[in-house]
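First the structure, in the form of structure tokens, and then the observations on it.
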Number of protein chains: 2
Amino acid sequence: MASDHTRSAILAAAERLYADRGFGDVTLRDIVAEAGVNLAAVNYHFGSKDELIAELFVTRSIATNRERLRELKAAEEAGGGRAPIEVILRALVGPTLRGCLGPENQRSTAARFMIRASIESVPPIRRIKNREIDHLRKFAGAMRRSLPDRSDVDIYWGLNFALAMAHHTIRESERLTKLSEGKCDLDHVEDVVERVVSVATMALTAGRTETKAASKVAAR
Amino acid sequence: MASDHTRSAILAAAERLYADRGFGDVTLRDIVAEAGVNLAAVNYHFGSKDELIAELFVTRSIATNRERLRELKAAEEAGGGRAPIEVILRALVGPTLRGCLGPENQRSTAARFMIRASIESVPPIRRIKNREIDHLRKFAGAMRRSLPDRSDVDIYWGLNFALAMAHHTIRESERLTKLSEGKCDLDHVEDVVERVVSVATMALTAGRTETKAASKVAAR
DNA sequence: GATAGTTTCATACAAGTGTTTGAAATGCAA
DNA sequence: TTGCATTTCAAACACTTGTATGAAACTATC
């Protein structure tokens with residue numbers, strides 16, 4: 001393999017264009033024009049358009065997942081195999097939020113790309129996301145160890161809600177800013193992380209009889 | 001206007017196909033074949049493909065919004081202009097969840113269509129969703145009246161998280177079922193509603209010093 | 001039952017898509 | 001240099017897409 005020049009030029013151009021304009025209206029011709037390479041180069045180097053998109057997404061998401069697991073492992077080792085639930089949740093939602101939020105003008109191309117991927121959900125990306133379950137199971141396991149009294153159902157719901165808050169906040173960050181007339185500050189990412197972690201922790205630790213709603217569920 | 005037959009056949013066929021196969025790979029030709037009408041009928045009756053999609057989505061979402069506001073208004077009138085926060089949240093997420101979850105084999109076409117719309121987010125639908133802010137403001141107002149001691153920021157974050165949990169649970173219902181190996185039961189919709197309402201209520205009412213994470217946020 | 005307005009239909013159009021092809025250029029080893 | 005594999009390139013291919021057209025069929029009114 002000579003120098004990868006064409007290959008990485010395509011990857012960079014594609015990520016930039018998808019980040020800026022979404023998957024919907026970026027064609028291979030747009031990408032090769034931006035990269036300054038020939039149209040056939042995409043199929044030569046990647047096989048197909050979908051495989052190009054998949055490679056972009058896989059690269060970024062394994063980076064995020066590695067970061068998540070690194071934080072999780074560090075926390076569990078520090079706690080002798082059992083980490084506080086807040087720390088686990090922070091390892092779960094922190095990397096994603098840090099990767100996608102922050103001052104808009106200094107958001108990396110990678111971050112903007114991942115936001116697009118989260119909003120538009122194109123087939124090759126959906127396929128990859130479906131394989132993420134094993135990764136989530138590791139977090140479910142850590143949460144179970146952290147909260148041995150909680151039922152599996154409660155653990156899964158807590159996990160689900162934590163991801164919900166993080167992803168939805170990313171997806172709808174523009175709308176939240178507009179709705180709150182700028183009062184909700186999404187540029188201080190660590191504050192957002194703490195808000196999400198805080199609520200998810202409450203969801204997971206609240207006594208079953210603390211609220212009418214919760215007890216109603218638990219009583220079934 | 002004669003009999004609307006063609007027009008409503010197109011609407012029904014389109015909704016069914018979009019619900020089953022998503023927006024990505026349903027063409028006008030698929031729709032007219034399913035509806036048993038001529039290809040040109042779509043442009044004659046709706047102007048364009050996008051306007052057809054928009055009409056489908058608008059119809060369904062104003063129905064949901066009307067139901068939400070009906071519940072909200074009833075609650076506020078019963079409480080003399082101030083409703084309990086749980087009831088407000090239930091009015092916010094209840095209609096959507098009831099419309100989109102429930103036993104899979106008895107989910108209406110409309111429900112499956114709305115799930116698709118929530119997952120795929122195609123341009124004409126995104127445009128409509130952007131106009132939903134005014135509608136959400138009404139809920140923000142009711143929540144402020146219900147919790148006069150809470151800051152606007154907290155209110156908006158609570159609203160955001162409530163919607164996050166509802167929508168994410170709908171979008172990822174399949175994954176949650178798989179992840180939890182069926183332990184999280186999404187068929188009993190009212191239980192799901194109560195879980196979401198319960199967590200959102202905690203998020204909105206928890207004392208600022210109840211958890212370390214929350215106090216950290218409030219201290220800024 | 002003729003007429004005007006609406007609706008349907010087969011067909012064509014224009015444009016854009018990802019992909020393939022086969023030859024030309026390039027790089028590299030012997 | 002020669003020979004071989006890799007990479008680039010322009011061009012064409014094969015299709016699909018949404019939309020437009022103009023004639024035909026229909027419907028209701030007078």
Side-chain angles (χ1 to χ4, degrees), chain A residues 1-58 113 116-117 120-128, chain B residues 1-58 113 116-117 120-128:
Chain A
M1 182 153 302
S3 82
D4 264 4
H5 167 271
T6 303
R7 201 169 192 284
S8 42
I10 292 173
L11 284 170
E15 184 167 49
R16 189 163 50 241
L17 287 179
Y18 285 141
D20 286 344
R21 297 166 22 198
F23 297 96
D25 54 55
V26 172
T27 71
L28 285 189
R29 283 165 177 83
D30 294 333
I31 294 172
V32 297
E34 176 89 357
V37 304
N38 186 272
L39 174 58
V42 173
N43 289 277
Y44 177 77
H45 285 282
F46 298 93
S48 71
K49 186 193 190 184
D50 277 10
E51 289 174 81
L52 166 61
I53 295 178
E55 172 150 347
L56 280 172
F57 184 73
V58 166
F113 172 82
R116 285 286 181 191
E120 291 192 26
S121 181
V122 79
I125 291 184
R126 254 200 305 276
R127 275 192 289 273
I128 295 164
Chain B
M1 181 154 300
S3 80
D4 263 6
H5 167 271
T6 303
R7 200 170 192 283
S8 43
I10 292 174
L11 284 170
E15 186 166 48
R16 187 164 49 241
L17 287 179
Y18 285 141
D20 286 345
R21 294 163 30 194
F23 298 96
D25 54 52
V26 172
T27 72
L28 286 189
R29 284 168 176 81
D30 294 333
I31 294 171
V32 298
E34 175 89 359
V37 305
N38 186 271
L39 175 58
V42 173
N43 289 278
Y44 178 78
H45 285 283
F46 298 93
S48 71
K49 184 193 190 183
D50 278 9
E51 290 174 81
L52 165 61
I53 294 177
E55 172 150 346
L56 279 172
F57 184 71
V58 165
F113 172 82
R116 285 284 181 190
E120 291 193 27
S121 181
V122 79
I125 290 184
R126 256 200 305 275
R127 276 193 288 273
I128 295 165

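Protein chains get the first letters and strands the later ones, always in sequence-line order, with residue 1 at the start of each.
Taking a 4.0 Å limit (strictly below) on heavy-atom distances, residues 21-48 of chain A reaches DNA chain D at A/Arg29, A/Asn38, A/Ala40, A/Tyr44, A/His45.
Partners of A/Asp20 by side-chain contact (heavy atoms from CB on, under 4.5 Å), not counting sequence neighbours, listed by chain and number: A/Arg16, A/Arg112. For B/Arg21, the side chain to side chain donor-acceptor pair (under 3.5 Å) partners are B/Asp30, not counting sequence neighbours. Take A/Glu51 and apply the salt bridge (charged side-chain N to carboxylate O under 4.0 Å, His left out) test, not counting sequence neighbours, and it matches no residue. Among residues two or more places apart in sequence or in another chain, the side-chain contact (heavy atoms from CB on, under 4.5 Å) test is passed with B/Arg116 by B/Phe23, B/Glu120. The side-chain contact (heavy atoms from CB on, under 4.5 Å) test applied to B/Arg127 returns B/Asp50, B/Pro123, B/Pro124, not counting sequence neighbours.
Residue B/Thr6 has no polar side-chain atom (N or O) positioned under 4.0 Å from OP1 or OP2 of C/dT7.
Counting heavy atoms from C-beta on, the side chains of A/Tyr44 and A/Asn38 never come closer than 4.5 Å.
Between the C1' atom of C/dT17 and the NZ atom of A/Lys49 lies a distance of 8 Å, rounded to the nearest Å. Rounded to whole Å, the distance from CD1 on A/Ile10 to C1' on C/dG18 is 14 Å. The distance between atom CZ of A/Arg7 and atom P of D/dT6, rounded to the nearest whole Å, is 15 Å.
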